[in-house]
Structures are given as C-alpha cells and as structure tokens.
Amino acid sequence: MHSLVDSEFLSQLNEQQREAVLATEGPLLILAGAGSGKTRVIAHRIAYLIAEKNIPSWNILAVTFTNKAADEMRQRVQRLLRTQERSSLPLVSTFHSLCVRILRQDLEKLNDKYTRRFTIYDQDDSIRLIKQCIRELGYEEKYLGPRATQSAISSAKNRGEDPTAFAAHAEYVDERRAAMGAVYKMYEDRLHANNALDFDDLLIKTVRLLRDVPEVREKYNNKFRYILVDEYQDTNSLQFELIRLITEKSKNICVVGDEDQSIYKWRGADISNILNFEKHFSNTKTIRLEQNYRSTQTILDVAGAVVKNNLERKGKTLWTSNPRGGRVGYYQAFDAEAEARWVASKIVEHRRDEFDIRAAVLYRTNSQSRVFEEAMRRAGLQYNIIGGFSFYERMEVRDIIAYLKLALNPNDSIALQRVINSPPRGIGKQTIDEIERRARDYELSLWETISVVIDQPENLGSRAISALKSFRRIINHLTSLAESESENQSTSPVSDVVRAAIIETGYENALRSERTDEAEGRLENLQELVNAAVDYDEQGIEGLREFIDHSALVSDQDDYKRDAPVTLMTAHSAKGLEFPLVFIVGLEDGLFPHSRSATDRAELEEERRLAYVAMTRAERYLYVTHAMKRRVYGEELASEPSPFLNEMPIDLLEDLSLGKSWLSFARGSSDIDYEQGEYKKERKKYAGKTYDSADSIAEFFKQRNRQMGQTAGSLPNISNKHSQPTSSSATSDIKPGSYVKHSKYGRGLVLRREGAGESAKLTVSFPGYGQKKLVEKYAGLEKA
DNA sequence: TAAAGAAAGTTTTTT
DNA sequence: ACTTTCTTTA
C-alpha cells in the first residue's frame, strides 16, 4: 500500500507547494492566496505523511470549518491514496465535531456534573431556551430580543466571560446589559439542568478539558501527532487555544490561510491568529503560495482591483500563467426577478456551447435565493441550493429528532416542550403552564413533573391527565426501544427507533389525515430521515446518539451534488469552492455590502473581502449583476449599484444590459477624471432618474408575469406525484442488478439487498449522488 | 382545546 | 413576502 507515490506525485506540484508538502516536522504557516492550490497541498501532505513517512493515519488530524470542506478534503486524500478503506484515512473533521468526539469520551473528567450523554443544542434550541429565560425573568421580548441576546451571550462565552463578569461590566451603567446578564446566568443553569451543551460550550468544554486535565491533554497529544488546520484566518480565540493545547507536544502544526479571505470576524474570528502565528509558535517555517491556477488574468485583475481598496491589508501579489480570458460580464436588471431570469438564460446559453459547464450563483443573503430557484426551474436547469433551510431544519424533521432526544434524555426540556403537543394530543397551554409552574416549585424537570402531576392532578381535569399519561407512555416506549435495541444487537436499532418516533407518536397519522400536498412533502422528508438513519444502524445506541449529533452539526450540506449544472449559495458558503462559471448577483449598495456594515470601516472591509472571495471562485467566466429595485420586507425599494462595482476597472467590464445602464453612463464619462466623491454624486443623480422609468417598465413585466403565472411548489426535489410505497408483489422485483427510480435521486442501480420483506434495506448507486442505503418500504422506489 | 384569522416582526453571513 | 405570535371563535 506504500506504492502510492508514483513518480508524478511530487511533480504535480510547484516549488512552493512541494516545499509545503515536504516540511512535515515543526510549525508550518502556509499563506495561500485564492486558487493557489491549498487543498491540493494539504491532501498531498497527508498522503505523503502516510505513504512515505509511514505515519499511521490515526496519528493525523485535519480540521476544517465546514462539513463541505471536510468532505472535499477526505475525497482528495482518498483519491491520492487510492484506498477504499475508511480506517486507513486520517480523521478529517470540523472543529465542532472534533469537540463532540472528545467530549463524548472524556467530558466526565471535568467533574462539572455534565455527563457524556449530553445533548447538543443548536442555535435554534439556544434561542428557544433564551426566550424562555427572558419570559420567566419577566422581561419584555421587545426589550430583550431573544436573537440579539443569544448572540450577545454567545460572544461573551467566546471571550471567556461568565455571567458575573458579563454583568459586572455594566450593572450600574447599562440596565439592559445587566438584564442580559441575568438571562445569561439562567440560561447557563438551564443548560446544565438539561445536561445540554450549546455550540459554544462544545469548544469551551473541550478547551477546559485539555487545559485542566493533564491526563486528557496527554492522551490527545499522543494521538494526534500531525495536525493540519484549514482556513486558519477564520479561527477564534477558543479554536486557537484548542490547537495550541493539542499540539503542545509534537509541535507538528500546519496551518493554511489567507488574510484576504477572512470573512468571519463577526463570528469571533481573530485575524491576529494568522498574523501572529510566527510569534505563537517558535521556529515557524512560512511558505507563500502566490501562483493562482484557478482564474483567468482578467478575473484576478478585477478581484484584485476591488480588494486593493482595503487599508488593513499586508498585500500580496497573486499571479497566474493562465490566459487573459474575456471581460467580466455586467448586467443591470430592472428588478430581482429580471436579474434571475437573465442569469438563468445566460447559463442556458453557456451550456449550449459547453454542455456540462458548472455554474454558481452567489448572493449576499439567503433570502435572495427564492427568485433564482424559480428562474432555474422555469429554465429547466437542475440546481443545488446550499444553506438556508436545510433538511435537518425542517419542522417535521426537528420534531422527530426531538422525540429521539427524549428517548435518550427525557429531561431535555427544550425537546419535550417542542413535541409534548405535536401532533395535537390534547395537552394545551393551560396544562403546560401548570406543569411548568409546578416544575419550578419542585425543582424538577418537566418530564419528572409530569409523573407527579399524574399522581396528584390538583387543578387539572381528567382529559388533560389522560393525555399526559399517553404522552408518558409514548416516551417510555421510545426509551425502552432505544435501550433494548442496544442490548440485543438487533439488525437495525437506529432506524427502528426513528420509525417508531414517526409512527407511534401519531405523527405520521396526523400528517396523513391532513391530505394536503404540503403534508405529503413532509411525509417524504420523514422517509428520507429513516433512510439517513440506516447508515447508523450498525452502531447500536451509540449510533442513535451519533445520528442525533449529526443532525445538529450538519446544517448545510444537504445533498450537495457536485456536478449539478447550477449551485445557488451565499458568498460565505462558496468559500473554498470553484466553478468555471460564476455569477455574483445583487451587487447593490446596502445589500452587498450589507447595510449593517455601512457604519464601520472594518466591517466594510470584511464585506469587500467577501466580494473578493466570491469573485475568485470563478475559473473562466465571471458575471456581476445588480437590480434597480427589489422588494425588502414586501416593500419595493429602489437600489443603487454597489460601490464595489465602482471599484472594478471599467475597461475590464463588458456591459450586457439592455439599453442604457449605470455602467454605460460611468463609461461615457470615464475619460473625465472625476474625483471619487464627485463621481458618486453624478451616479446617484442618474440612478434617481431611472427609478421612475424602471417602475413603469417593471409594472409591465408584472402584468405579463401574472399571465404567465403558475407558481410551482417551493421544493425542488419533491416529485409532483408521490409514488406509493411499492406493493409486496412488486417488492420482490427489486433485486441487485435492477434499476430503480427515486423521487429525489433519480435512476439508480441496486447493488445489494439486505433483510427480508418490506423492511429490507437496499444499497443503491445513484449517478451523481453516490451510494445510498434505503429502506424499501420507505424509499418510494419504482422499478425503472 | 384547536383551528382560523389578525397583527407584528423579520434578514447578514454559519458551526 | 413570509413567518411567528396573539386573538377570536367553534
């Protein structure tokens, strides 16, 4: 297996890249410009360590920020090593899942009453809990917004401030902050009572564990002897601390980053981590990767011209030997709908020339995605959408996950409140209020209180009591199911419990009786959930736990189909990806850059870096667009071109707009040497005039759209007609070697069939999606 | 208690 | 526009 390194291996790399691969020992800082091949370097480095240096794969750890990046990395390494064996691959993990892994093993060594069976609260759970705390403490939600409070608490936690320290800052100065402090305190207590950790806690507890328990630090220092960190410019102080502690012994820490691509300052990322890396780790070797292999010269020039306007920047020279390429396309649309339509038609045009070219549409905010979905669907283009509402964020999926959480930990009050009356089972507000009140009195969890209330109903009627009894029976049943499955190692513990959580809670029946298309879609999602659970079946009760953890930590990677014709996503989620054809849309003042960052120079610079990241995703074709007006909160607002458009060299742009655009005006006057401020004023004047005419034209379009009409359902992948689960006679027809059709994945080849009857598991290979394990009964497969 | 209707707040980016 | 929360009614 060590013959991996064909002679090509190192010759695929340039001199700096090779140096970065070979410098395996000691701290290494790789400053890698956009498109300079950093993923390739990391992958080669890992392969080199394993195949040439004979480092066991389990001694290697690669950390990324997103699951998408982790998947990508894993695949690259796998390809290089030419291995199918999962066990011979190193651990490639996000910060958060690494922490979960460590905490599930060693959290109890911290002796702070948390157990290793903790529940993870994602941001939504956190906000729910905080909202409750706000109410219980008697504050108005208008006074303390739950969202704002959550983010204030989160950043306090990341700074290492406990509730006392947080409130101490301002107790007599800022009343509101003091109130937040009280909420923070209560929130922490509640988390503890529920044995729950939020996203921040995952990092905090891990750092504390590594710092305070020498035995644990020793263990992981010995385990992970070679550590790589991707996107190092985005690490925050906790993540830095984690890295420092875990590499204390080996000092084999390799980080890759690019200050120009730092776009997560708002989430606590500390750019000084990368700027001061050499100070933090002595004897650091620094390597710069400045040759870009991705983009055309023109694209780099335009991107460079924009980011050049940042003051806080060391500055570096990115060069390429790629061809110059065509100019960057520019289009001014009447409104958001017209913008989307134009982008779709442009993609169609490109695909006529090059049938399999992949396109990305990048926008600033998720809310912009809707019109593009619509436009892609009308143009008959298949698309991926990343972020926004992910599978695991759908209401019905979260409900079932809440039942599963309760099966493992009935004291999880957030989960309990979520599902105690969904589907409706006669436990109304009155009853819940009463339980909550008494739980507070007795200092018991809601779950424990339910049993007390059943024995001593006091002011609750018999209807409520019997409803509570049936709820208790359901949860107890799920719990015993989860536990017994783990003991007798039956064939499909995890999917069994998931199925029970869907059926025996009455959830399925409730949806079925709704008889609407929407409910039908929800049922399909739940079937998908069962299918997802199958992958965890081999691991018993720990599998169930992992399945639940996964649902909390994997928010966006839905089904990212790598070679879908079109991918829609925010500029943020595009980081690390590349596409031959890229559209950056909604380049309007107040949208991109976002208005929230208008007041602060540093924040504006972050927006500019974001624009830079977006532009440098493009390999060959880049288009930038903006609309003259768009709806914000349902109100039509006029919008001006983004200042970033102004920063792009005019002669590198090609105006594709119909009629006279903002750019044609700018170009017409470009030979006059306007001073920046003057220039802006002129542009505004022009834009002001246009709105009037645009309004009338848009009205025309609206009328026309109304006639064209027809809004399809909002879910891309749900088939219009739900296929019935295959009848038993058809069932036997589906065997290895035959083809099936799936509503979401399309046509696929059946590879394997396990188990008997309707609940047989099928392994099916879907082109473009890979292998999926499906439960026959739930997958809604048809013979194809 | 549950369903239907009215009012109000919401959107920056993500693990 | 869209979703969540409050209010009314059966």
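In what follows, chains are A, B, ... by sequence order, proteins preceding strands, each numbered from 1.
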Restricting to nitrogen or oxygen on both sides, can you table the protein-nucleotides 5-9 of chain C pairs closer than 3.5 Å?
from, atom 1, to, atom 2, distance (Å)
C:dT5, OP1, A:Lys131, NZ, 2.6

Between side-chain atoms of residues 198-207 of chain A and protein atoms elsewhere (two or more places apart, or another chain), which donor-acceptor pairs fall under 3.5 Å?
from, atom 1, to, atom 2, distance (Å)
A:Asp198, OD1, A:Lys157, NZ, 3.3
A:Asp198, OD1, A:Asp200, N, 3.1
A:Asp198, OD1, A:Asp201, N, 2.7
A:Asp198, OD2, A:Lys157, NZ, 2.8
A:Asp198, OD2, A:Tyr187, OH, 2.7
A:Asp200, OD1, A:Ser154, OG, 3.4
A:Asp200, OD1, A:Asn158, ND2, 3.2
A:Asp200, OD2, A:Ser154, OG, 2.9
A:Asp201, OD1, A:Lys157, NZ, 2.9
A:Asp201, OD2, A:Lys157, NZ, 3.2
A:Asp201, OD2, A:Asp198, N, 3.1
A:Lys205, NZ, A:Asp112, OD2, 2.7
A:Thr206, OG1, A:Leu202, O, 2.6

So which protein nitrogen or oxygen atoms get under 3.5 Å of nucleotides 3-5 of chain B's nitrogens or oxygens?
none

(message) I want to check one thing: is the phosphate of B:dA2, taken as OP1 and OP2, less than 4.0 Å away from some side-chain N or O of A:Asn421?
(response) yes
(message) Judged by each residue's nearest nucleotide on DNA chain B, which is more toward the 5′ side, A:Gly426 or A:Gln123?
(response) A:Gly426
(message) For A:Arg630, give me all partners under salt bridge (Lys or Arg N to Asp or Glu O under 4.0 Å), at least two apart in sequence or on another chain.
(response) A:Glu339, A:Glu588
(request) Inspect the contact between A:Glu518 and A:Arg522 and indicate whether a charged nitrogen and a carboxylate oxygen are less than 4.0 angstrom apart. (result) yes
(message) A:Glu607: which residues meet the salt bridge (Lys or Arg N to Asp or Glu O under 4.0 Å) condition with it, sequence neighbours left out?
(response) A:Arg364
(request) Evaluate whether the aromatic ring of A:Phe65 and the six-membered ring of the B:dT15 base sit under 5.5 Å apart, centre to centre, with an inclination under 30°. (result) no
(request) Output all residues satisfying side chain to side chain donor-acceptor pair (under 3.5 Å) with A:Arg512, sequence neighbours left out; order by chain, then residue number. (result) A:Glu508
(message) Over all strands shown, is A:Thr431 touching base, sugar-phosphate only, or nothing at heavy-atom distances under 4.0 angstrom?
(response) sugar-phosphate
(message) Any salt bridge linking A:Asp335 with A:Arg631? Criterion: basic side-chain nitrogen under 4.0 Å from a carboxylate oxygen.
(response) no
(request) Have a look at A:Asp122 and say if it touches a base, only the backbone sugar-phosphate, or nothing, with a 4.0 Å heavy-atom cut-off. (result) nothing
(request) With sequence neighbours left out, write down each residue that passes ring-ring contact (aromatic ring centres under 6.0 Å, His included) with A:Tyr114, or none if nothing qualifies. (result) A:His192
(message) For A:Arg176, give me all partners under salt bridge (Lys or Arg N to Asp or Glu O under 4.0 Å), at least two apart in sequence or on another chain.
(response) none
(request) Could you pull out all residues at least two apart from A:Glu635 that satisfy salt bridge (Lys or Arg N to Asp or Glu O under 4.0 Å)? (result) none
Produce the list of close N/O pairs, under 3.5 Å, pairing protein atoms with atoms of nucleotides 9-11 of chain B; give distances to one decimal.
from, atom 1, to, atom 2, distance (Å)
B:dT11, OP2, A:Arg147, NE, 3.4

(message) What's A:Gly634 touching, base or sugar-phosphate or nothing? Going by heavy atoms closer than 4.0 Å.
(response) base
(request) Tell me what A:Glu635 touches on the nucleic acid: a base, only sugar-phosphate, or nothing, going by heavy atoms under 4.0 Å. (result) nothing
(request) Mind jotting down which residue pairs meet the salt bridge (charged side-chain N to carboxylate O under 4.0 Å, His left out) criterion with at least one end in residues 129-141 of chain A? Sequence neighbours excluded, please. (result) A:Arg135-A:Glu141, A:Glu136-A:Arg190, A:Glu136-A:Arg440
(request) Would you tell me if any nitrogen or oxygen in the side chain of A:Ser573 comes within less than 4.0 Å of OP1 or OP2 on B:dT13? (result) no
(request) Under the side chain to side chain contact (heavy atoms under 4.5 Å, CB included) rule, collect the residues that match up with A:Asn509, sequence neighbours excluded. (result) none
(request) Would you mind telling me which residue lines up with the more 5' stretch of DNA chain B, A:Gly428 or A:Tyr264, judged by nearest nucleotide? (result) A:Gly428
